[in-house]
Amino acid sequence: MSIETAIAALESAFGDRLSRADTVRQTYGQNEAWYPVTPPDAVIWPETTEEVSLVARTCTEHGCPIVAWGAGTSLEGHIVPVQGGITLCFERMNRILEIHDEDMDVVVQPGVTRKQLNEDLRATGLFFPIDPGADASIGGMAATRASGTCAVRYGTMRESVMALEVVLADGRIIRTGSRARKASNGYDLTKLFVGSEGTLGIITELTVRLHGQPEAISAAICGFNDINGAIQTVIETIQMSIPVARIELLDGTSIRAMNAYSGYEMKEGPTLFIEFHGSERGVAEQAQTVGELCAENGGTGFEWATKAEDRNRLWSARHNFYYAMKAMCPGRTGYNTDSCVPISRLADCILESLEDIAESGFTSPLVGHVGDGNFHLSYMVEPENADEIERARALADRLSKRTIAMGGTVSGEHGIGIGKRKFMEAEHGADAWAIMGDIKRTFDPAGILNPGKLVPGN
């Protein structure tokens, strides 16, 4: 059994849709994090579920690893083929198959991206609200249980995925869930695959829930003299059940990078980005209430915009934050963290983490989907500098331990991949994590699906 034998067996079936070229392999060995380039042995572009099944059967027979690739935007090394093998790229399985506007759901192939989907939905009055920032693929978002800026109101991929088509490691094709809005009939296999990071099966079709486009949308920004005031405003907003659609926190370092990258002139300090969805009257009332909370907590310059072009420019700048940071720190990349804590512990966790950063000497911006207790720190490191990587790892580990101690999770949305696997036992307990390994072996006894990720063993 060997990787070479598996690839040779698949070459005739895929022709020029299988590549072993060094330049192609290098491209698919890259990632958005700090992990070194790790090329697969080959890349395949399937076009049908049956072709994915063929790849799975062949790879199981020959013990060849498979790593599924959506848009390549993951941040925890999920797509790094640490044991070589085949990268299965889904960019050609990118069709929107069915739009059920009356039922408010849609059926898509895994390579469809969120921007592509919302562009196609525009005429229906519906939209897909899960927004992790990057133009990620829907299949990848399901595999990592993504969320993002709108999760505080619309939930995450866990709540959005209704049904799946999945190819198992042995090539069997199964369907989970349905288009019904609820069910009570056995194990919830859909939720099992959502967040499994390609370790249990390969998603080849998804049915996802849609939402009606709100009548009115307003975006607001407000600066604060210190981060305490911004966090307290967030906590009070959530505790008062004000239905904000997004509430983001950026620190002064992030604002400085965004100003330079996107041409803004915002005051460099802790800043909240807020968005309201609803009726004209409801949006105005929400904005007024949050504006008052900001003022009570030391916020100044509360500004809100209702024009689509102004809102889009603001959120585009927010979504480009990571690239803004890389532009401000040439030659460096982010060692990214992804903590999520109960909202009552948010201030404690952030402030203690900022103390660590102040002592470290790293440039390390803070951004967060803080409405649900989720925030990110990016320690800007030189990828080839082993000492910096090790110091950043120590800071990230310290943050992860702090997060668990406060009743939180080491990954609110990025997933586990390679980077957070060592904390799974501490967060879930030895027995629970071992059971995850048992589930993996039940679905994938040969251990070919995204090996070296998420679960113990392989």
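Quick caveat, the model's predicted, so the values are computed rather than measured.
To the nearest 0.5 Å, atoms CD1 (Ile448) and SG (Cys59) are separated by 5.5 Å. Separating the CZ atom in Arg256 from the CE atom in Met328 is a distance of 4.5 Å, to the nearest 0.5 Å.
Contact check for Pro46 versus Met93: side-chain heavy atoms found under the 4.5 Å cut-off. Side chains of Ile274 and Thr237 form no contact here, defined as non-hydrogen atoms less than 4.5 Å apart. Taking the side chain as every heavy atom from C-beta outward, Phe273 and Ile247 never approach each other to under 4.5 Å. Inter-residue side-chain proximity for Asn297 and Glu236 is flagged as met; some heavy-atom pair is nearer than 4.5 Å. Side-chain contact check for Leu192 versus Phe443: some heavy-atom pair is nearer than 4.5 Å. Considering only heavy atoms from C-beta on, His428 comes within 4.5 Å of Met436 through its side chain. A 4.5 Å side-chain heavy-atom check between Val341 and Ile350 finds every atom pair outside the cut-off. Side-chain contact between Ile203 and Phe90 is absent, with no heavy-atom pair separated by less than 4.5 Å.
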Please assess Asp105 against Thr207 for the test side-chain hydrogen bond (donor to acceptor under 3.5 Å, both in side chains), listing each intermediate value before the final yes or no.
-> CA-CA 7 Å; Asp105 66 63; Thr207 302; 5.9 Å; no

Side chain to side chain contact (heavy atoms under 4.5 Å, CB included) evaluation trace for Lys267 with Asn225 | CA-CA 10 Å; Lys267 178 183 176 182; Asn225 293 325; 3.4 Å; yes

Apply side-chain hydrogen bond (donor to acceptor under 3.5 Å, both in side chains) to Glu215 and Ser279, showing your working.
-> CA-CA 5 Å; Glu215 173 190 333; Ser279 66; 5.1 Å; no

For Thr289 and Glu292, what are the C-alpha separation, side-chain angles and deciding distance, and is it a side-chain hydrogen bond (donor to acceptor under 3.5 Å, both in side chains)?
-> CA-CA 5 Å; Thr289 302; Glu292 292 170 355; 5.1 Å; no

Side chain to side chain contact (heavy atoms under 4.5 Å, CB included) between Ile130 and Arg114, intermediate numbers included | CA-CA 8 Å; Ile130 311 304; Arg114 67 174 187 85; over 6 Å; no

Residue pair Thr190, Thr176: steps toward the side-chain hydrogen bond (donor to acceptor under 3.5 Å, both in side chains) verdict | CA-CA 5 Å; Thr190 303; Thr176 73; 2.7 Å; yes

Could you walk me through whether Phe128 and Met141 pass the side chain to side chain contact (heavy atoms under 4.5 Å, CB included) check?
-> CA-CA 12 Å; Phe128 179 67; Met141 290 169 65; 3.9 Å; yes

Test side chain to side chain contact (heavy atoms under 4.5 Å, CB included) applied to Tyr379 and Ile357, step by step | CA-CA 9 Å; Tyr379 311 115; Ile357 291 169; 4.0 Å; yes

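Here ring-ring contact (aromatic ring centres under 6.0 Å, His included) pairs that include residues 211-252, with residues two or more places apart or in two chains, are Tyr154-His211.
For the pair Arg313 and Tyr264, the cation-pi test (distance below 6.0 Å, angle within 45°) is passed.
In summary, Asp338 and Lys420 do not engage in a salt bridge, as defined by a charged side-chain N under 4.0 Å from a carboxylate O. Note on Arg393 versus Asp397: no salt bridge recorded, every NZ/NE/NH1/NH2 to OD/OE distance being 4.0 Å or above.
Thr409 places a side-chain N or O within 3.5 Å of a backbone atom of Ser411 that can act as its donor or acceptor partner. At least one donor-acceptor pair closer than 3.5 Å links the side chain of Gln213 to the backbone N or O of Leu126. Between the Tyr335 side chain and the Glu388 main chain, no donor and acceptor come within less than 3.5 Å of each other. Side chain of Asp135 to backbone of Lys115: a donor-acceptor contact under 3.5 angstrom is found. Judged by distance alone, with hydrogens and angles left aside, the side-chain atoms of Asn228 form no donor-acceptor pair with the main-chain N or O of Asp226 at under 3.5 Å.
The local environment of CG in Asp387 is crowded, with over 12 non-hydrogen atoms from other residues, nucleotides or ligands closer than 6.0 Å. The environment of Arg398 atom CZ is sparse: at most 12 non-hydrogen atoms of other residues, nucleotides or ligands sit within 6.0 angstrom. The local environment of NZ in Lys422 is crowded, with over 12 non-hydrogen atoms from other residues, nucleotides or ligands closer than 6.0 Å. The neighbour count for Glu384 CD, taken as heavy atoms of other residues, nucleotides or ligands under 6.0 Å away, does not exceed 12.
For the residue pair Glu32/Thr73, the side-chain donor-acceptor check at 3.5 Å is not satisfied. In the model, Asn450 has no side-chain atom that pairs as donor or acceptor with a side-chain atom of Thr199 under 3.5 Å.
Heavy-atom minimum distance, Ile3 versus Cys64: CG2-SG, 4.0 Å. Here the closest heavy-atom approach between residue Leu399 and residue Ser353 is recorded as CD1-OG, 3.1 Å. Of all heavy-atom pairs spanning Ala143 and Gly198, the tightest one is CB-N, 4.3 Å. Nearest heavy atom pair, residue Gly457 against residue Arg421, reads O-NH1, 3.3 Å. The minimum heavy-atom distance linking Glu265 with Asn259 is given by the pair N-OD1, 3.6 Å.
Residues meeting the side chain to side chain contact (heavy atoms under 4.5 Å, CB included) test with Pro243, sequence neighbours left out: Arg153, Gln286.
The aromatic ring centres of His78 and His414 sit 6.0 Å or more apart.
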